[in-house]
S.K.: 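Input: one structure, supplied below.
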Amino acid sequence: MGGNIVIEVKNLNISFKRKTIHKNVNISVNRGDIYSIIGKSGSGKSTLLRAMLMLQKFEGSIIILGTDVRTSSDEQKSIIRKQCGVMFQAASLFTSLTIGENIAVSLNENVKLPKRMVEDIVKFKLSLVGLEDDVYYLYPSELSGGMKKKAALARALILDPQLLFLDEPTSGLDPVSAEDFDKTIRQLNKLLGITVVMVTHDLDSFFNVTTRCCVLGDKKVLAEGTPFDIIKTEDEWIKKIFFGERGIKFQKWNQKRDSY
Amino acid sequence: MIEVKQDNDIVIIEGKATYSELPKLMDKLNNLSKPVKTIDITNIKKIDTSCLIFLLQFAKRYAANINCSKNDKKLLEIVKSNLKETTPKKTYHDKFFYNIGVAAYRKLIELYLFFGFLGEIFIHFAKALTHPKLFRVKAIVNDIEKMGLNAVPIITILSLLIGVVMAYQGSIKLKEFGANIFIVDLVSISITRELGPLIVAILLAGRSASSYTAQIGIMKVTEEIDVIKTMGLHPFDVLVFPKIISMIISLPLLVILADIAGIFGGAIVANLSLGITYYDFYLRLSNVLTLHTFLSGLIKAPVFAFVIAVIGCFKGFRTSKNVESIGENVTISVVDGIFAVIVIDAIFSVVFRWAGI
């Protein structure tokens, strides 16, 4: 597992039937990064994430924690999967299970523990993502959108993963909840040393948490590096993000960054 | 791997303490000779939060200290600050009679709601009669194609086979008595009066009621029903009436088809195993099969159709917002549909008997 690179994507090609989504995509994620994947709608951000999660067929190689996921055996894959927590865009909680049961699923599948212990672990994770204990017995349909996302995050964290994949974690949240969510992600990254890979559209969230990122467009990676590197890139679209009307926030962020 | 050593009141834990080792850790710690004053995890290679939770609880129980490295100290603090006292949930013991009561109560409520739904349909239907535009011809025709026309092949084959089987079974006994020609009476009357309508109704209960329930149930889960409401439409107009009307139109037609196919199946067997020509069969048939025999079977069809469609839709609306409940309600709608069809058929038989039809 040596080295600092936890995910390496090399010469990735993905195409659906006749349409090419990715052509020669190369990115790498270091340990401890909060890595954002940004890009236009339809530029294949989610597809890239799905490829990393082994949910999508691809050509090329993706190396996660030192294992090539394309050529690895099922056992190796399952070991990697246990090191990865995933939160999908729509939270995707099992609707027929309570929140507590939802979060405990992979724990119960992997080890046999007394009920009390499982409950304590689950409640700890709930508290970690900022949810109250009383949601434990509720069903997903009884929760608000923001709470569902937090519960999904708690579910992703149950096995103390090294890698956390988030697909648009803050979409559909109000600004305050989104900020809370960012704070939670930063905390998890700092305190538990979790490497975070996320797809995002939310500029605020992007400026708040990202340490490294890549911009996808035209079937390839337009730029990769720290957000600071990215803005120096000469690309029409990238300039629009940061210097367009919405990009004004970037100025503020830059000032804050200098004061650190 | 995890190792636990005890040195008087000091417990030293070494190795990797992750969730997969937690059962072992719990086992070992709980079996130590007490008292334990200090838990030393300074030399541990890796520890995750689930093990820390247990260690903290264990330490608390025996008022022990935890010694750990600087790195783990941070993690420990996070766990400590987020760990709350949990009160064990009340456990319900199996209450046999209580459960029976609850189940019975639920059934009663379900019945109550069903009659409510039925009433709503009638009231709304009366309203719709004054606004004929509310009947969506396109949706009705579409539904007739899907639920009626597309069911033609399966119903034809099924009734043909029923006719064949019945005629064949009957022919053995009839041959013994030399009453060959009575095969016509046997097949034609039993098929037109009972089997035809019943087969079609049961098949459609499985085919249509389940699809109605699933469709409306998923629309409810994805909030499409709410969308319909906010557009100023009534879900009954859009979803329920087209289904009921199309069923009432297509089911009797399918019954006629089933009658014909069944009798033809009988005729084939009569020809092959009893030597009755098709012409003889036809002559006898026109004597035996009176209009009112045929109609007394056909009259049941619209009633079956109505009941099947209403149960299918009702169960769809009864779906709650989770995936499991869709599966559950689809199953119940099929079972209830078939049950209702057979009960109604029995009632018809009794009523016809009284009326002397």
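Keep in mind that the numbers below use all heavy atoms, side chains included, and drop hydrogens, waters and symmetry copies. Note on naming: letters A, B, ... go to the chains in the order of the sequence lines (proteins, then strands), and numbering restarts at 1 for each one.
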S.K.: Does any heavy atom of chain B fall under 4.5 Å from the side chain of A:Lys125, the backbone, both, or neither of them?
M.R.: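 Answer is side chain: those atoms of A:Lys125 sit under 4.5 Å from chain B.
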S.K.: Can you tell me which of B:Asp48, B:Thr49, B:Val323 forms the most heavy-atom pairs within a distance under 4.5 Å of chain A?
M.R.: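 Going by pairs under 4.5 Å, I would pick B:Thr49.
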S.K.: So for A:Ser127, is it side chain, backbone, both, or neither that comes closer than 4.5 Å to the heavy atoms of chain B?
M.R.: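 Contact with chain B involves both backbone and side-chain atoms of A:Ser127.
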S.K.: Give a yes or no on whether a salt bridge exists between A:Lys45 and A:Glu168, defined as a side-chain N under 4.0 angstrom from a carboxylate O.
M.R.: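 Looking at A:Glu168 together with A:Lys45, the answer is no, because their closest N to O distance does not fall below 4.0 Å.
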S.K.: With a 4.0 Å cut-off, would you call B:Glu110 and B:Lys107 a salt bridge?
M.R.: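 Result for this pair is no, no salt bridge flagged.
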S.K.: Give, as side chain, backbone, both or neither, the part of A:Leu107 having an atom under 4.5 angstrom from any heavy atom of chain B.
M.R.: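 For A:Leu107, side-chain heavy atoms alone lie under 4.5 Å from chain B.
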S.K.: Answer yes or no: is there an ion pair linking A:Lys123 with A:Glu119, defined by an N-O contact shorter than 4.0 Å?
M.R.: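 Between A:Glu119 and A:Lys123 there is a salt bridge, with a charged N closer than 4.0 Å to a carboxylate O.
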S.K.: With no hydrogens and no angle check, just 3.5 Å: does a side-chain donor-acceptor pair link A:Asn208 and A:Glu179?
M.R.: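 A:Glu179 and A:Asn208 do not have a side-chain donor-acceptor pair below 3.5 Å.
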S.K.: Report which part of A:Pro114 has an atom under 4.5 Å of a heavy atom belonging to chain B: side chain, backbone, both, or neither.
M.R.: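 Just its side chain gets close to chain B.
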S.K.: Working note: A:Leu188 + A:Val196, criterion side-chain contact (heavy atoms from CB on, under 4.5 Å); need CA distance, chi angles, decisive distance, verdict.
M.R.: CA-CA 9 Å; A:Leu188 291 170; A:Val196 181; 5.9 Å; no
S.K.: Quick one: which of B:Leu22, B:Leu52, B:Val221, B:Leu75 has the most heavy-atom pairs under 4.5 Å with chain A, could you say?
M.R.: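 The answer is B:Leu22.
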S.K.: Using the ring of B:Phe117 (Phe, Tyr or Trp, six-membered ring only), decide whether B:Arg318 places NZ or CZ under 6.0 Å from its centre and within 45 degrees of its axis.
M.R.: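 No, cation not above the ring by the 6.0 Å, 45° rule.
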S.K.: For each of A:Leu192, A:Ile121, A:Leu159, tally heavy-atom pairs with chain B at distances under 4.5 Å, and name the one with the top tally.
M.R.: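 Counting heavy-atom pairs under 4.5 Å, the top option is A:Leu159.
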